[in-house]
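First the structure, in the form of structure tokens, and then the observations on it.
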Amino acid sequence: MTCGADMASSSTTHDTDTALVRLRGISKRYRSGRREFLALDDVSLDIETGEWVAIVGPSGSGKSTLLNILAGIDSADSGVVEIGGRSLTGLSEDQLAAWRGRFVGIVFQYFQLMPTLTVVENVMLPMDLTGVDANRLDRAKTLLDRVGIGDLATNLPSELSGGEQQRAAIARALANEPDLLLADEPTGNLDSATGERIVDLLAEVWRQGATIVMVTHDHDVANHATRIVRMRDGRIVDDAQVITAGREA
């Protein structure tokens with residue numbers, strides 16, 4: 001499945017209603033003083049449940065803007081955004097925050113852990129914000145065990161290495177069992193060896209059933225995904241499947 005750069009619109013869609021992510025005609029402009037910058041230009045994209053999609057492209061290509069729109073952090077100027085069959089158009093900030101807390105997990109390049117909370121409290125935070133009452137502590141500890149840092153549950157983030165902080169951030173992103181896991185340059189602030197371990201962890205999460213959309217500038221990292229979407233100048237210019245290992249039974 002490949003989209004040429006000379007297409008009339010930036011479109012990667014399927015004739016199906018089963019897509020977890022459905023974008024149609026998404027455009028986004030930003031203003032800086034008197035100048036206007038077109039970050040996304042008529043982007044259409046479908047992502048099926050269970051895919052691991054890597055979004056790549058040069059700086060300013062629109063990949064982070066696209067991820068922010070998928071997260072409901074930013075809104076499109078035009079077009080349709082549907083996640084899990086629900087349109088995000090017209091939702092208030094409070095409604096978007098509630099939806100995001102329940103259905104989307106986000107892993108940031110710079111971790112964004114709360115410095116005054118312990119690691120386990122950071123993982124519990126999304127559950128606190130969405131009103132999950134049952135077994136929050138047990139679930140947080142289980143997630144930390146799952147990402148390999150259960151023994152650091154009572155430490156503060158400042159006492160962890162960069163790789164350990166990113167593991168904690170992944171555990172936090174999984175706290176509410178999100179339908180969609182978004183990762184924004186998840187290895188970008190790590191050395192290569194640590195970055196490889198984080199990619200291995202994301203692969204394990206994917207094999208266990210997660211749908212992942214990951215922005216990365218690293219082509220070696222992108223090649224772990226099942227699909228690579230390339231962007232340039234706010235448009236999708238190529239979309240290709242990657243040969244990769246299947247999920248665990």
Side-chain angles (χ1 to χ4, degrees), residues 3 9-14 16-30 38-57 60-93 95-110 112 126 130 169-170 172-186 188 202 205-206 209-217 221-222 225-232 234-237 239:
C3 296
S9 65
S10 184
S11 177
T12 308
T13 63
H14 309 288
T16 177
D17 294 325
T18 65
L20 177 64
V21 172
R22 181 176 180 268
L23 305 180
R24 293 291 183 273
I26 298 298
S27 293
K28 180 65 181 180
R29 292 175 172 81
Y30 294 104
L38 183 60
L40 293 176
D41 183 10
D42 193 26
V43 171
S44 294
L45 178 68
D46 288 343
I47 297 172
E48 302 292 330
T49 297
E51 286 195 284
W52 181 359
V53 178
I55 301 176
V56 302
S61 61
K63 55 189 186 296
S64 291
T65 299
L66 181 60
L67 202 74
N68 286 339
I69 286 175
L70 291 177
I73 294 172
D74 209 345
S75 58
D77 293 328
S78 60
V80 173
V81 180
E82 291 182 358
I83 311 289
R86 180 172 186 179
S87 173
L88 303 191
T89 304
L91 295 184
S92 68
E93 289 299 322
Q95 288 172 323
L96 282 170
W99 168 82
R100 184 167 50 247
R102 178 61 189 87
F103 293 103
V104 178
I106 307 175
V107 180
F108 300 96
Q109 178 177 352
Y110 293 101
Q112 297 195 13
T130 54
I170 292 171
R172 179 188 57 190
L174 297 173
N176 286 329
E177 299 181 328
D179 293 344
L180 182 63
L181 181 64
L182 305 176
D184 189 3
E185 299 281 8
L202 289 173
V205 169
W206 169 75
T211 303
I212 301 176
V213 180
M214 172 181 68
V215 163
T216 182
H217 67 278
V221 172
T226 61
R227 180 177 166 196
I228 298 177
V229 173
R230 301 182 189 277
M231 298 191 69
R232 185 182 301 120
R235 298 168 65 84
I236 294 173
V237 296
D239 185 346

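Computed from a prediction, not measured in an experiment: that's the story for all the values here.
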Derivation and outcome, side-chain contact (heavy atoms from CB on, under 4.5 Å), residues Leu91 and Arg86: CA-CA 10 Å; Leu91 295 184; Arg86 180 172 186 179; 3.6 Å; yes
Quick one, [X] and [Y] - any side-chain contact, counting heavy atoms below 4.5 Å?
X      : Y      : answer
Val221 : Met214 : yes
Leu66  : Val229 : no
Leu67  : Val213 : yes
Ile83  : Asp179 : no
Val107 : Leu181 : yes
Val56  : Arg230 : yes
Ile236 : Val43  : yes

Sidechain-backbone polar pair: [X] side chain, [Y] backbone, donor-acceptor under 3.5 Å:
X      : Y      : result
Ser44  : Gly25  : yes
Asp77  : Arg29  : yes
Arg100 : Ala71  : yes
Asn176 : Gly101 : yes

Arg24/Asp46 ion pair, N-O < 4.0 Å: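 Yes, charged N to carboxylate O under 4.0 Å.
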From Val215, Ile55, Ile106, residue fulfilling side chain to side chain contact (heavy atoms under 4.5 Å, CB included) relative to Asp184: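 That would be Val215; it is the only one of Val215, Ile55, Ile106 passing the side chain to side chain contact (heavy atoms under 4.5 Å, CB included) with Asp184.
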Partner of Leu23 under side chain to side chain contact (heavy atoms under 4.5 Å, CB included), chosen from Val80, Val81, Ile47: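 Between Leu23 and the candidates, side chain to side chain contact (heavy atoms under 4.5 Å, CB included) is satisfied uniquely by Val81.
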